[in-house]
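One structure is given below, encoded as structure tokens.
All chains are named by letter (A, B, ...) in the order of the sequence lines, taking the proteins before the strands, and each is independently numbered beginning at 1.
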Amino acid sequence: MKCYIGIDLGSTTTKAILMDDNMDVLGQGITNSRSNYDTAAAVSKQEAMISTRFTLFHRAFEEIPQLEGKVDDFLGGLERNFRLEQYLEQLQDLRDTCAGFVDNVRYKGMEKAMVEALDTTFGQLAEEAIPLFAPGAERKSDFFRDIAGGRFMAISEEVAKQADLSYDVLLNVYDKSIIEVENRPPAGDLAGKFMRAMDKLVTESPEFDIKDAELGKPIQEALDVELEETFVVGTGYGRVRLPFPKDHIRSEILCHGLGAHMMYPETRTVLDIGGQDTKAIQVDGQGIVENFQMNDRCAAGCGRYLGYIADEMNMGVHELGPLASKATKVAKINSTCTVFAGAELRDRLALGEKREDVLAGLHRAIILRAMSIISRSGGVTDQFTFTGGVANNEAAVTELKKLIEENYGKVTINIDPDSIYTGALGGAAFALRAAQGDTTGQEEELGAA
Amino acid sequence: MCADVTTDVIKDASMLKQKEMIASNYDKITSAPETGVKVSSTFVPGNLNELTMCFDIANNLPEINALSNAMRKKTGAMISDAEKMGHSEDVCTYVKADLGMMAKGNIAPNGKPMPNPDMLLLSYTGCYTFLKWFELLREQYKCPTVMLHVPYEGEGKITKNMRDYVVKQLKEEVIPTMEQVSGVKFDIDRLREYMKDSAKAEDDLVWVLQSAKNVRSPIDAYFGAVYYIGPIFSAFRGTKDAVEYYSLLRSEIEERLAKGLGPVTPEGEMGEEKYRLVVEGPPNWTNFREFWKMFHEDGAVVVASSYSKVGGVYDYDGFRHDPQNPLESLAEYCMGCYTNRNLPDRTTMMADLVEEYQADGLLINSIKSCNSFAAGELLMLREVEARTGKPGAFIETDLVDPRYFSPANVKNRLESYFQMIEQKRQGGAQAA
Amino acid sequence: MSVKEIIDRCEVLFEDVNFTSAREWKDAKPGRKVVGYLPIYVPCEIIHAAGMLPIGILGGGSDLEVIHGDAYYQSYICRIPRSTVELGVTNRLDFIDGMLFPSTCDVIRNLSGVWKLMFPEVMARYFDTPQNYRKDIGGEFYKNDLRELIESLEELGGVKVTDDDLRNSIEVYNENRKWVNKVYQYRKDKPWKTPSAEIYLLMRAGEVLPPEEHTQMMQDYLAAVENEERRMKDNCRVVLNGSFCEQPPLGMIKSIELAGCYIVDDDFIMANRMITTDISTEGDPLENIANAFLTDSMPFPSKFEPSEEEKGLYLADYVRQSGAEGVIFAAASFCDPALLDQPLLYHVLDDQKIPYIAFQFAENSGQMQPIREQAGTFADSIKLWSAA
């Protein structure tokens, strides 16, 4: 089956969207961007493919009478077990990598003790993995580093103590290894992992016994569908660093404009507030970009600014919006400069202003800055679509809605919970167009004009 | 406007000629202590080269020194020196590079120290910073400083009052100071002779700039034009050398045109012409080649630019130096320089260029240092887009401060802009 | 009237970004016109002589939220043009019939063109003052320039401006300047009686009121303030320099004084005392206005100083005349004239051993803590220095 993939390499996360010939989105994937865009692109692409398999399973199982009313449970169970398989595989990789560092001269004389300690630690980690991926269990993150890292430190500290080994040496090999593991291209053998996950699921819930021909066949068929990477388009902040050929790269402005158009076809103005920049884009009825503006050289008022504020207040970035929403009055904040953010914040708090009021003021300041960029790009035309990480922040959205209405009247404002995928979606659509030969012929047109 | 990168760029006869000319001017300036030649410093916009020549005074242009130093990656340290001396990070980096150069021994591009100028000719044309710049230099050099106040074309025209004012200043202030500094008596017929040559060279320059109207332009009218305007915007307007240079240049471009060739870039012949742009604002000098490459490697040719008019507008409303009315014509030259024109006129000029040169749109390179250009450019962009119906784009860099050139940022915007143009073409083709 | 009543009125005028009082003046009689001007200087006499109300447009102040104005200016340009455009696009200046953009800097100069493009129904002019100070050269140019300004005002108002109208207005402004200078002198003599925030508000009121009314207000203030019980503090005395265009937030002026510095001279608003003598009412009034600028106007950074020896000496004179002990340079961020001039002024102060500090502000600066700290440290160091 032909697949068209868009990959959006953001400064913090990398997103991928996979679509078919009919422009139906089959899968999406996300990963942290790391410092290695190659791996981030490969991981997000693989995640999109995994998610596509599940879509295909879903389609296949909907036809099976035995599974009526149970498709979601079944797929949920399958995904859980698949993630467990994936996690175990990465744990093994991490263990092997750690063990590989033991040969270093600086650990001379400790090799045996270290390997033993590592084996004990990873043994425990693997055991813990089963309840971690049990039905109903919650994980704080889906990124490997986030899950494994914290537990490794806790367990290895204990193990080191008992083995009379320095905890630091274990931490040291871990630090080196996790970077290698994270930056390694993702392992293949997806089909194997699916089959093993299926076995585990059946052990867990015998009602999903795949030996039943009626179930096994559609699964096998879905797995047999070849996902051909027909055309991949890269976009976003990191796109220029990718080893993509030039005709596989699209600007993030174009992708965002088109992506927003695909999500909401009546979109005429798009605002995206990402980690590093703020973009305002005007598109026509076909999603073609008419005009755009980005924040200038200075990153004032971008998502990163909220990050600084969160650090300054010793809070998580996702906690800022909810606290700001509790404000009774909005403090006047003048600077959205990340350099001055901390100083201004401390000044306000020292003057006795409430944290929530100051935060509300900061959110308003960010949105005021975005309003200027919107104004620079040509204002707001109905409908208005808001995307990017800050679109999930309720305090920011409230201010935005208020200011849009004050300045441009009643306008439909669209915010998709999956808006983080907007750029990747546009990229996938460009991939489809490119595969259909949509970029050829433009030079002749120039000549004719 | 600098010979430094010409060696590895283009080996055309005109280029060699230019290199020779610029080197000879630096030699003339740096050998002044031995030869006794008097040196005047002045600015590119509103420079009075023919008049200076009437007194055998050598013409030194601090703006050009600053940009030459930037191309040789020397301005970062110079600017930082000036900031240590108390200059704000917020202000013009040409000024700071110049003051920093002085602090580093004022070494000219030929490696020899610059002599102190014998006079500062403050031709106050289209930029308020010039005034402060020369007050700062005067504090160091303590030399005669003559202000030539060139009124701004606020109402979009040159009135008799404005012209009379400039002519009177030339007669009563500038010329007497030059006579006093040089010991040479002013001879208006000598000025007329030089101006005849100015006009000749100007004709050929205009022909070259307008060759970009051809679709498949033989020149780049921004990056390439930096070289073409070099002699006439600096110490050579009114010289036989300039006449010869522009005639050579013209014949070379004629040949390129006949052969259907595009512009020459530092990386050789440029490939296919995909985008035609009009550019407003000066270039960045610290990363000049890298900046240019972002255009030519994507097939973008600049077909007209405001920067090619910064030291005189010859190709827009037909101005030529006029030997019949030499002082009046110098006055009009000064007042007509690009940044001395008001924003509505600059906007109309840019919109006209987009149309006349069949460009895909206006790109603005907004320069942090230069409010004379930059203040109002965002409105200009909107207006030109509205009038021409062609999309514009906006990038931000600086003249000579390497801290303000962010390649990823600039490239991102340029790429987005080129792709937007392409997408609109396709959209337009589909709709049609 | 009490000081409080007067200053309360000034504060209302200061905070009113809708210019209600000027609107009321205009609506009081049919056909009245209002002409706005930006810093640093225009001769208000001429606008007044045309029967119009000149009002100073000094930006949007510290509380105006700038949304559309930011769309027209890059981040490295000062704030006054963007807040002024914001006032324009939000219709807060829709009662203004003409706008003058003086010869201050490239930004204000180009704003004249921005205004022409954005508000074509308003008469917008760049207003040039001469950089050549010979009567037969710069004087002649300026006189003709003023003549052109009068003609455009005549056209705008459908009026004829006679020499007697001009003489009458010259007298009104001579009187106004006399009282402006008296207020400044009073503060030099008794700075503890006249907090600078009050003086500032009093002068700002003059930017929106008819000059006759403003003159009366200053007379009332001086009469009232003499009876005010205000304790003299152990503050040092400073001259503030560099805030002649974009205006600092009132909080900055208060912070400097709270930190222990009496501001005994400043350049916040220069138009009201730019001319340092009475302009003669004898002879050709235009020539008198023109010549007053050539020979009797205050130095400011956008004005060329023909003599190298004289450059910046005025600041040391201000320090002496006001009995100040130091200078605080407070320039707006990205203000080319102020910031480029500063090193030259530093050298003059260094030569004369006058201490100084420098910081920058924007009209909407929100953080006063660093300013309080710097001004406080400066005050302490001056006291220590003079004690030693």
Contacts of type ring-ring contact (aromatic ring centres under 6.0 Å, His included), residue A:Phe231, not counting sequence neighbours: A:His248
Proximal component of B:Ile395, with respect to chain A [non-hydrogen, under 4.5 Å]: neither
Mutual orientation of the aromatic rings belonging to B:Trp292 and B:Phe288 [parallel < 30°, tilted 30-60°, perpendicular > 60°]: perpendicular
Which atoms of A:Gln293 approach chain B - backbone, side chain, both or neither, heavy atom under 4.5 Å: side chain
Proximal component of B:Asp298, with respect to chain A [non-hydrogen, under 4.5 Å]: side chain
Partners meeting ring-ring contact (aromatic ring centres under 6.0 Å, His included) with B:Phe373 (sequence neighbours left out): B:Tyr338
Whether B:Phe405 and B:Phe291 hold their rings parallel, tilted or perpendicular, with breakpoints at 30° and 60°: perpendicular
